[in-house]
Each structure stands twice: as C-alpha cells, then as structure tokens.
Amino acid sequence: MKQSLMFIPTLRDMPKDAEIASHKILLKGGYIKQHVAGVYTYLPLAYKVIKKIENIVREELDKIGCSELLMPALQAKELWKESGRWENYGKELMRINDRHDREFCLGPTHEEVITAVVRDSVTSYKKLPLALYQIQSKFRDEFRPRFGLMRGREFIMKDLYTFSTTTEDLDEWYGKVRQAYINIFDRLNLHYRIVSADSGQIGGKSSEEFMVLCDIGEDTIVYSDSSDFASNVELCDLEEGAPSPDGKGVIKHAKGIEVGHIFKLGTKYSEPMNLMFIDSDNKKKPVIMGCYGIGISRLIMAILEQNNNDLKVLWPESVSPFKVQIIPMDKPGTLGYEKAFEIHNALEQKGVEVLIDDRNESAGVKFNDADLVGVRTRIIVGRKAQEGIVELRDALTDERKEITIEEAKELF
Ligand code: ATP
Ligand code: MG
C-alpha cells in the first residue's frame, strides 16, 4: 500500500483540545476526525486497527459457539415501552420522530430488539441455548462526551446476548464468555483487571467489568494487594489501607478504563417482554438471559495509552495496521526508491500487509510520521541500496541490522 494513497491527514501542531496521549496521537496521526462533539470519522489507519480488533473478538466468540448477526440501530418506541426503559433510560437515549410522527430511538444497547427477535421464533427448550452477537454503532447522548473515542455519543460496541433454559446454563455461558474476554484482552496485549461492578442501566443481578489499568481512566478500582478481590468503587467504597473484605491483604486504589462489561440478566427482559419457552416438563418458563459488551472504539484508546512512549506509537502486532513499513530515504526517481518498491511489490504479492512511504518528503518527516503509524518492523532503504543492502529495524527493541534486498523480499 502506498502511503500517498492512504489518506493519513497528520497535523503539524499538537491539537490543543486533546488532553491525553491517545487522543493526541489519534488526532495528530490522522487516525480520526471529529464531526461534532463525541462523533467521529474513523480514517483509514484507525479503521484498519478497528477491523483487527473486531476480528479477534469474532474469532474468540465464534470459537465458543456464538453467532454474529446485525440488528437495526433505529428502534421503535413500542419495544422500549415493553421493557419500561422508554421512561427509565433518561436523557442519554437519543429519541427521534419519523415523518408520520412515530417515535423511535437510536439504539444505545440492544436488549429490547434481540429479545423481540428471539421471542418470535423460539418457543421450545429444544431450540435453546443460543448466543447471538453483533458489532455495531451505538448512540448515547452522553452529558459530557470527552477524550475522543473514550466517551463518544456514537461509538462502536460488540454486544452479545445469551439465552438459556436454566441458571446453571447461564452460569456456564457466563464462564465461557468471561474466558473468551480474557483471551481477547490477552491477544490485545492489555494490562487489565476483572472487577465486580454495578449493573447500571442494563440491570440484572451481577456483573463484572474488564478494566484496563491506566492513570487517565475514569473509573476507580478498589483491589486487594494480596488476593483476586477487585471491585469498582461504585459498588464497594473502601478507603485505601482498609482490610480487604475477603480477609486477605489491604485495599489499594487504581484507575481503570472500562473496556468490557458482562452481566447475568436473568429474567429482567424476558419477563416483561414475554420471552417464554415450553420446557421438557411441559411448563411455560421465562428464558434466562445474559449480556456482554465490549467497547471496540474505546479499545483503540486503551491500547494506545498502554502502547506509546512519549507519543511514539507501537501497536501490538495483533492489531498493527501493517506488518511492515518500508521507508525509502531518497526521493522518487532515485535507485533507492526503485529498490524500495521492488521489496514492497514482492512482499505485497505474497499477501504481506506492507506500507511504503512513497511520498516526496524528507527522511526526517518520514521518520516522524512512522512513529505515529506505529508499525514495529521497518525497512529503511538508504544509500547502501546501490550495493543491494537495506536496514531492518525493530522499533520495539531498537535493534538494527543490515540485510540484503533479496533477504528483505523473503522476510515473511
Ligand atoms: P461507562 O460506565 O463508561 O459510561 P457503561 O457502563 O454505560 O459505560 P455498558 O453499557 O457496559 O457501558 O457498555 C459496554 C461497553 O461499551 C463499555 O464497557 C464500554 O467499553 C463501551 N462504552 C460505553 N459507553 C461508551 C461511550 N460513550 N463511548 C465509547 N465506548 C463506550
Ligand atoms: Mg458498563
């Protein structure tokens, strides 16, 4: 891929309205563009990363037997009346009227829609359990959208819903999804903690959040210094230094970014919305549900917060927009530039995701921009290209070694 064709509108100066590193990088590096407060365009570089994150999520959920679907963002008021949330959700619900003055909302979450979808086709225990998910834009009219993608009014979420006949089966799904989340966040190279949480607007009995540990996080985590005990401060407000409720160790505080939230809903939606099934004993019972979210667009920021050094980006390889970046030091028309393209074409032909900085810019500009693109493996094509030699650079370890052009073509 030619960098000149990719549309990466980098900014010369540091954007003034960005307060945290990840937001600065996303704006300065040409990853996102603000439309209005809390609403963004994901430019090509960011969208490549998003698709990588989404695919990791898909792989781990498909592995445990979940199926992907896509529900409408535009949702009828009648459904939200059934669950009681048309009145209760409050001002965060984006409400709109159509030309016939019928009322709708833009989905902030999809419990109502999925419950209605399953209700109309599942009536017997023989058709259960089910686990259905989607990756889609959600709308929440946040009082204070801020930190770029961290708290948007339109943002990308993965939401999964499970439907069980017994609480034991719900527990089993909950456990499987929890493990899938662990796999996902491990593959994203994140440093995080699982904490007990308040169930908020979604409701249900118990829930846990996945918190990426980070000083700029908006949530406060209370945890024990010598056991697994960890909770959102909203649920368990203990002073630092107090004994841990599980009797092991003392309480510490840390800041976290909520990237995932898993809930045992039970019958919170199935009862009012009449999602029933006939069990093997011929009795009619409400379906027992779970719901599980991941903040896909927020994750980009969480990953960046943990993977930048003084605003120099280094994407974890699992989500890196490219596998390798080629940087010709010389301008177009030179032998070095031609050799750089030779390597690019050979790699691209093998299906390697390769970016070449073909722009008519100085080496200094190219190196600075490369630190915003954040690809770990870089091939620098300089003077020695005439002798058939290029430099292979590992931006993580800063290890540099000379290799031949032929070796460069065979790198992956
Ligand atoms: P928060 O407490 O941060 O407002 P929430 O608890 O209301 O989030 P959930 O309903 O649990 O959010 O949504 C699932 C996931 O979607 C969250 O864990 C978070 O990662 C993401 N998310 C929620 N709200 C936003 C938002 N306004 N912008 C970006 N991501 C969000
Ligand atoms: Mg939450």
Side-chain angles (χ1 to χ4, degrees), residues 1-10 25 29-31 43-56 59 187-189 303-304 307-412:
M1 177 80 208
K2 291 180 186 171
Q3 205 157 327
S4 64
L5 284 179
M6 187 136 168
F7 192 52
I8 311 175
T10 50
I25 291 164
Y31 284 87
L43 296 167
L45 207 48
Y47 201 46
K48 268 190 172 284
V49 177
I50 287 181
K51 284 186 281 188
K52 297 245 159 117
I53 298 172
E54 288 180 354
N55 282 337
I56 289 174
E59 278 173 28
R187 285 177 68 180
L188 297 176
N189 244 4
I303 294 170
L304 274 177
N307 292 276
N308 87 86
N309 186 357
D310 216 5
L311 302 186
K312 286 188 178 145
V313 182
L314 254 185
W315 291 108
E317 290 194 78
S318 56
V319 296
S320 180
F322 292 94
K323 184 130 186 102
V324 54
Q325 185 183 21
I326 302 173
I327 305 173
M329 308 259 285
D330 295 329
K331 303 243 166 161
T334 58
L335 179 78
Y337 190 85
E338 250 172 54
K339 291 289 172 196
F341 258 99
E342 231 181 84
I343 301 168
H344 167 269
N345 295 346
L347 289 174
E348 200 167 65
Q349 211 146 49
K350 285 202 290 182
V352 178
E353 289 178 294
V354 50
L355 180 69
I356 184 167
D357 195 344
D358 61 324
R359 298 171 305 160
N360 191 3
E361 295 284 1
S362 69
V365 168
K366 289 183 183 179
F367 284 138
N368 279 338
D369 284 354
D371 283 333
L372 285 167
V373 174
V375 177
R376 177 173 170 180
T377 306
R378 300 173 197 174
I379 298 171
I380 320 295
V381 185
R383 286 286 128 75
K384 282 200 172 171
Q386 295 179 2
E387 305 154 34
I389 303 285
V390 295
E391 185 188 282
L392 180 65
R393 202 178 281 187
D394 181 333
L396 179 66
T397 59
D398 206 33
E399 192 188 329
R400 298 156 189 223
K401 66 173 179 195
E402 291 189 337
I403 57 172
T404 67
I405 288 175
E406 290 315 307
E407 282 169 332
K409 291 181 190 168
E410 297 297 325
L411 265 180
F412 303 99

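Computed from heavy atoms alone, side chains included, the values below leave out hydrogens, waters and symmetry copies.
- In terms of heavy atoms, M329 sits closest to A363 at SD-CB, 4.1 Å.
- Here the closest non-hydrogen pair linking I389 and E402 is CG2-CB, 3.7 Å.
- For R383, the salt bridge (Lys or Arg N to Asp or Glu O under 4.0 Å) criterion is met by D330, not counting sequence neighbours.
- Closest of all the heavy-atom pairs between A340 and V381 is CB-CG2, 3.8 Å.
- Taking CD of E348 as the start and CD1 of I326 as the end, the distance is 9.0 Å to the nearest 0.5 Å.
- Between the CD1 atom in I405 and the CD1 atom in I403 there is a gap of 9.5 Å [rounded to 0.5 Å].
- For Q349, the CD atom counts as loosely surrounded, since its 6.0 Å shell holds 12 or fewer non-hydrogen atoms of other residues, nucleotides or ligands.
- With respect to V319, the side chain to side chain contact (heavy atoms under 4.5 Å, CB included) criterion is satisfied by exactly one of N189, L188, N307: L188.
- A donor-acceptor pair is defined here as one N or O able to donate and one able to accept, closer than 3.5 Å; such a pair exists between the side chain of Y31 and the backbone of V373.
- Taking CG of D371 as the reference point, atom CG of L314 lies at 8.0 Å (rounded to 0.5 Å).
- A salt bridge between E387 and K384 is absent, with no side-chain N of the basic residue lying under 4.0 Å from a carboxylate O of the acidic one.
- Using a 4.5 Å heavy-atom threshold, the side chains of V390 and I343 count as touching.
- By the 4.5 Å heavy-atom criterion applied to side chains, L5 and M1 are counted as neighbours.
- A salt bridge does not link E361 to K331: none of the charged nitrogens lies less than 4.0 Å from a carboxylate oxygen.
- Annotation: side chain of N308 is in contact with side chain of I25 (closest heavy-atom distance under 4.5 Å).
- Taking all atoms of both residues into account, the shortest heavy-atom contact from A385 to G336 is CB-CA, 4.1 Å.
- Proximity of F322 to V354: side-chain heavy atoms (C-beta onward) are nowhere separated by under 4.5 Å.
- A408 approaches L347 most closely through the heavy-atom pair O-CD2, 3.8 Å.
- By the ring-ring contact (aromatic ring centres under 6.0 Å, His included) test, Y337 is found to be paired with F341, residues two or more places apart in sequence or in another chain being considered.
- Every residue meeting the salt bridge (Lys or Arg N to Asp or Glu O under 4.0 Å) condition with R393, not counting sequence neighbours, appears here in chain and number order: E391.
- For the pair H344 (side chain) and L355 (backbone), a donor-acceptor distance under 3.5 Å is absent.
- Separation of atoms CZ (R378) and CZ (R400) is listed at 10.0 Å; rounding is to 0.5 Å.
- Partners of K366 under the salt bridge (Lys or Arg N to Asp or Glu O under 4.0 Å) rule, at least two apart in sequence or in another chain, do not exist in this structure.
- Atom CG of N309 and atom CG of L396 lie 10.0 Å apart (nearest 0.5 Å).
- A395 and V375 make their closest contact through CB-O, 4.2 Å (heavy atoms, listed as atom of the first residue, atom of the second, distance).
- Using a 4.5 Å cut-off on side-chain heavy atoms (C-beta onward), I327 and I379 make no contact.
- A salt bridge does not link D310 with K312: none of the charged nitrogens is closer than 4.0 Å to a carboxylate oxygen.
- D358 contributes a side-chain N or O that, together with a main-chain N or O of Q3, makes up a donor-acceptor pair within less than 3.5 Å.
- A donor-acceptor contact shorter than 3.5 Å links the side chain of K350 to the backbone of K409.
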Distance-only donor-acceptor hits, side chain of residues 45-53, under 3.5 Å, sequence neighbours excluded:
{"residue": "K52", "atom": "NZ", "partner": "S320", "partner atom": "O", "Å": "2.9"}
{"residue": "K52", "atom": "NZ", "partner": "E353", "partner atom": "OE1", "Å": "2.8"}
{"residue": "K52", "atom": "NZ", "partner": "E353", "partner atom": "OE2", "Å": "3.3"}

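- When the shell of 6.0 Å around NZ of K2 is examined, it contains 12 or fewer heavy atoms from other residues, nucleotides or ligands.
- Taking E317 as the reference, R376 meet the salt bridge (Lys or Arg N to Asp or Glu O under 4.0 Å) condition, with sequence neighbours excluded.
- Salt bridge D369/R359: present, at least one basic N to carboxylate O contact under 4.0 Å.
- Taken to the nearest 0.5 Å, the OG1 atom of T404 stands 9.5 Å off from the CD atom of E410.
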